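Every value quoted in this text rests on a predicted model; they were computed, and no experiment measured them. Heads up: numbering here begins at 1 and tracks the sequence. Whatever order the structure lists them in is the order used to number ligands and atoms, beginning at 1.
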Amino acid sequence: MDADIPYLLLTPGPLTTTRTVRAAMNQDLSTWDVDYNSIVQEIRAHLVRLATTKPGYTSVLMPGSGTFSVEAILGSVIPPDGKVLIVNNGAYGERMVHIAKRLKIAVAPIDQLETEAPDLERIEKTLSTDTAITHVAMVHCETTTGMLNPVAELGQLVARHKKKYIVDAMSSFGAIPLSMEGLNAQFVVSSANKCIQGVPGFGFVVMPQAEIEATKGWARSLSLDLYDQWREMHEKGGKWRYTSPTHVVNAFRQALEELEEEGGVAARHARYKENHRRLVAGMKGLGFRCLLPDALQSPIITSFHFPEDKRFTFNDFYDRLKRRRFVIYPGKVTNAETFRIGNIGNVFPEDMDLLVHEIKSVIGEMGVGLRGEIGSLA
Ligand SMILES: *Cc1c(COP(=O)(O)O)cnc(C)c1O
């Protein structure tokens, strides 16, 4: 852990970034200037290269947090008479359903438990019977629980039924190797402050150029019009329609360079996997239990059950860990008391070892017994 940061963020984003990414924000840029616009173009091309090796793809950046980009897609690429099937097995799937309903887009939600893998048979049945469906949307890594959804398997099914496929790869893009063709996806969305390790301020979408061109005039919002935003960037050499987050964009360019220096997505994936392995092995060693079975678990963020010992409270645990320079995250699951620990960002296996060591001390301080082994931890 860098000595110059107060604590490490073990969250689903914003994440701990490098000093050099933060330093890249120390420059003011004009949104009309070629210096800035060429950075935007470089980023757009880089994002496409990360998502595919095939020709014909393009990308667009959209201001706001990741949700704004999800809303921009759902609101812009589904035709007025379209209908979207949304897999809902977590808070982010559910948020897409809320967005569709708010925008008065016809929606077929596949509601499932947060701890349940997507039911592909049920989805297939719905696709076969509900012929009004034009689009299918699913989250890749459901950050709610840390579950990795079967995006490629669903992509094959969606392609077989000749629907368009939208993937929320917010917390996986840059961390888990994926490709547009491997997913059979038309739209993949993520944001600046997740696994590319930039700072918050915009999201982005990668898609075939022909797909975005076909959506002209469909957007249900002006500022979140994905087509308009794309066309401005495409035709005016990287210009945004309105004020853009210039400092954030410059930091993101630096973050992309650092991703390449690390060895690209494969190398980052390997680091995150090792972070996750050390975290889970250490936590299990202390007596904590994971919410999800290993087969469904991503190497991004992990939900742990609260210890059964009532002396454990999340707030106390959180505060004590924060004093030891680790910031963790509350749980988001409806039917179980959990907390979450992320292992993404500028975070390394040694940090995970130190975290487990500190958790052991904190649990001891709190007098909490795990699996009834009170005192055995000291
Ligand atoms: C982070 C995240 C989002 C977007 O959340 P914001 O808070 O709007 O940035 C969407 N989907 C998933 C799966 C996420 O992890």
Novice: Would you mind checking which non-hydrogen protein atom is closest to atom 13 (C) of ligand 1, with the distance to 0.1 Å?
Specialist: T143 OG1, 3.3 Å

Novice: Could you go step by step and tell me if Y318 and F339 meet the ring pair (Phe, Tyr, Trp, His ring centres under 6.0 Å) rule?
Specialist: CA-CA 10 Å; Y318 176 91; F339 61 89; over 10 Å; no

Novice: For ligand 1, is there an N or O atom under 3.5 Å from any N or O atom of S65?
Specialist: yes

Novice: Only heavy atoms of V139, strictly under 4.0 Å: list the atoms of ligand 1 that pass.
Specialist: 13 (C)

Novice: For atom 3 (C) of ligand 1, what is the nearest protein heavy atom, given as residue, atom name and distance?
Specialist: M170 CG, 3.3 Å

Novice: Looking only at side-chain N and O atoms, does Y36 offer a donor or acceptor that is under 3.5 Å from a partner on S244?
Specialist: yes

Novice: For ligand 1, which atoms, with element, lie under 4.0 Å from some heavy atom of S171?
Specialist: 15 (O)

Novice: Heavy-atom distance to atom 1 (C) of ligand 1: which of E71, K194, M96, R95 wins?
Specialist: K194

Novice: Is there a nitrogen or oxygen of G66 sitting under 3.5 Å from a nitrogen or oxygen of ligand 1?
Specialist: yes

Novice: Examine the proximity of ligand 1 to S191 and report which part, side chain or backbone, both or neither, has a heavy atom under 4.0 Å away.
Specialist: neither

Novice: Just which atoms of ligand 1 are under 4.0 Å from any heavy atom in C141?
Specialist: 13 (C)

Novice: Go through R268 and E262 one step at a time and tell me if the salt bridge (charged side-chain N to carboxylate O under 4.0 Å, His left out) criterion holds.
Specialist: CA-CA 7 Å; R268 184 153 295 176; E262 183 169 353; 3.0 Å; yes

Novice: Run the salt bridge (charged side-chain N to carboxylate O under 4.0 Å, His left out) check on R278 and E274 step by step: do they pass?
Specialist: CA-CA 6 Å; R278 298 249 196 130; E274 181 60 13; 2.8 Å; yes

Novice: Between the side chains of E114 and T334, does any donor sit under 3.5 Å from an acceptor?
Specialist: yes

Novice: Looking only at protein heavy atoms, which one is nearest to atom 11 (N) of ligand 1, and what is the separation?
Specialist: D168 OD2, 2.7 Å

Novice: Under a 3.5 Å cutoff, is there a donor and acceptor pairing between the side chains of H46 and E257?
Specialist: no

Novice: By number and element, which atoms of ligand 1 are closer than 4.0 Å to a non-hydrogen atom of T67?
Specialist: 4 (C), 5 (O), 6 (P), 8 (O)

Novice: Under 4.0 Å, heavy atoms only, figure out whether ligand 1 is touched by the backbone of E142, its side chain, both or neither.
Specialist: neither

Novice: Roughly how far, to the nearest 0.5 Å, is the CG atom of L321 from the CZ atom of F314?
Specialist: 9.0 Å

Novice: For R95, run the side-chain hydrogen bond (donor to acceptor under 3.5 Å, both in side chains) check against D168, N88, T144, T67 and tell me which one passes.
Specialist: T67

